[in-house]
Amino acid sequence: MGDSVLDAALTTVGAANDDAPWDRFDSYEYYWHNYGRLRHDDALIIDIVADFFVHCFDRSQPRALAKAIDVGSGTNLYPALAMMPFSSRVTLFERSHTNRQWLIDALVKPQPTWRDEFWSAIAQNRPMYQKIKDPLDVLAGRAWVTKGNVFALQPEQYDLGTMFFVAESITTRDDEFRRATLNFVDSLKPGSPFAAAFMCRSEGYFVGSTFFPACSIDDADVERCLAPVARISQIKRVDSDDLRDGYSGMIIATGWKR
Ligand SMILES: C[S@@+](CC[C@H](N)C(=O)[O-])C[C@H]1O[C@@H](n2cnc3c(N)ncnc32)[C@H](O)[C@@H]1O
């Protein structure tokens with residue numbers, strides 16, 4: 001049996017977060033497959049998230065810039081970019097050593113698509129974003145790549161947060177999906193806005209030749225988990241079927257911590 005088949009077998013049979021080989025996460029493979037270009041599903045999610053944040057922060061009264069967090073950043077810079085106009089600091093909170101190194105490298109020398117495709121989509125028709133002329137330079141100045149575990153996040157630390165494709169994509173266990181989602185929301189101060197994205201009914205996924213676990217959830221599971229701890233703005237299913245096998249679209253949730 002090859003390593004990847006063995007990994008797949010092990011991680012589909014009840015793998016907890018601690019069981020998966022996060023330090024073997026092939027960051028470059030994941031980046032190229034998921035973010036080498038702007039996909040239609042990410043473009044739809046960007047519209048929802050950027051409009052939500054503009055709505056939250058579009059006040060006539062000036063307010064202090066937020067301390068923001070993106071949990072499980074992986075090789076995705078667009079959640080952090082979407083928080084840029086409203087944040088003085090963005091913690092990129094990541095368990096995997098390979099992904100933290102990728103983030104450090106990408107902040108110094110970002111791939112051109114982050115600006116040409118992702119930032120263009122974020123800033124299009126949104127003056128609050130257009131005020132930032134060099135978004136990747138601004139991000140590099142404000143981002144802190146931090147080693148961390150979602151299950152050990154401290155409560156009430158941040159004013160704004162994102163967590164994309166993490167809670168359901170780091171474990172096969174329902175209880176860990178719920179705990180990761182609740183810990184993320186709990187890490188925010190009361191009233192803070194957030195956006196969280198989830199894969200719908202994911203069966204797990206390969207990154208290169210390594211298989212990673214997932215918990216099969218849908219929009220009703222996300223709502224059940226968030227409703228007691230958040231005032232929900234919207235939970236929406238986004239069509240997506242060409243990223244890989246074994247999932248049924250993406251889910252984007254926006255709201256405020258209660
Ligand atoms: C499917 S990837 C999502 C990456 C990225 N947020 C995105 O939007 O594509 C899951 C990420 O969660 C990270 N991760 C796994 N376990 C974690 C934990 N306990 N705490 C924080 N991050 C974790 C992984 O290293 C990986 O970067």
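First listed ligand is number 1; within each ligand, the first listed atom is number 1.
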Answer with yes or no whether Y78 contacts ligand 1, where contact means a heavy atom under 4.0 Å from a ligand atom. no
What atoms of ligand 1 come within less than 4.0 Å of a heavy atom belonging to V150? 18 (C), 19 (N), 20 (N), 21 (C)
F52 and F194: aromatic ring centres closer than 6.0 Å? no
Please identify which atoms of ligand 1 are closer than 4.0 Å to at least one heavy atom of W22. 15 (C), 16 (N), 24 (C), 25 (O)
Do the side chains of R237 and D218 get close enough for a salt bridge, i.e. N-O under 4.0 angstrom? no
Looking at S169, which atoms of ligand 1 are within less than 4.0 Å of one of its heavy atoms? 1 (C)
Under 4.0 Å, heavy-atom basis, I'd like to know which part of Y35 is in contact with ligand 1: side chain, backbone, both or neither. side chain
Test: R89 and D159 ion pair at under 4.0 Å: no
Of all the heavy atoms in G148, does at least one lie under 4.0 Å from an atom in ligand 1? yes
Suppose we measure from atom 5 (C) of ligand 1 to each protein heavy atom; which comes out shortest, and what is that distance? S73 O, 3.1 Å
Give a yes or no answer on whether the side chain of W22 reaches the backbone of N17 with a donor-acceptor pair at less than 3.5 Å. yes
Indicate every side-chain donor-acceptor pair of residues 140-147 with a distance under 3.5 Å to a residue at least two apart or in another chain.
| from | atom 1 | to | atom 2 | distance (Å) |
| --- | --- | --- | --- | --- |
| R142 | NH1 | M84 | O | 3.1 |
| R142 | NH1 | S87 | O | 2.8 |
| T146 | OG1 | W144 | O | 3.2 |

Quick test: of every protein heavy atom, which one is nearest to atom 4 (C) of ligand 1, and how far off is it to 0.1 Å? G72 O, 3.4 Å
Nearest to atom 25 (O) of ligand 1, what protein heavy atom do you find, and at what distance? E94 OE2, 2.5 Å
Quick check: Y205 and ligand 1, any N/O pair under 3.5 Å apart? no
Any idea which protein heavy atom is nearest atom 23 (C) of ligand 1, and the distance to it? R95 CB, 3.6 Å
Going by distance only, is there an N or O of F164 that falls short of 3.5 Å from an N or O of ligand 1? yes
Of all the atoms in ligand 1, which lie at a distance below 4.0 Å from a heavy atom belonging to N76? 5 (C), 7 (C), 8 (O), 9 (O)
Between the side chain of D19 and the main-chain N/O of A16, is any donor-acceptor distance below 3.5 Å? yes
Is D221 salt-bridged to R178, cutoff N-O under 4.0 Å? no
Would you call D186-K257 a salt bridge at under 4.0 Å N-O? yes
Does the pair D18/R95 count as a salt bridge with the N-to-O cut at 4.0 Å? yes
Using a 6.0 Å cut-off, check whether atom CD of E223 has over 12 heavy atoms from anything other than its own residue. no
Give the residue, atom name and distance (to 0.1 Å) of the protein heavy atom nearest atom 15 (C) of ligand 1. I170 CG2, 3.3 Å
Hey, is ligand 1 close enough to N17 that some N/O pair sits below 3.5 Å? yes
When you group the ILVMFWY residues by side-chain heavy-atom contacts below 4.5 Å and let the links chain together, are I132 and M83 in the same group? yes
Taking 4.0 Å as the limit for heavy-atom contacts, which would you say applies to N99 with ligand 1: side chain only, backbone only, both, or neither? side chain
Please state which protein non-hydrogen atom is closest to atom 10 (C) of ligand 1 and give its distance, to 0.1 Å? F165 O, 3.6 Å
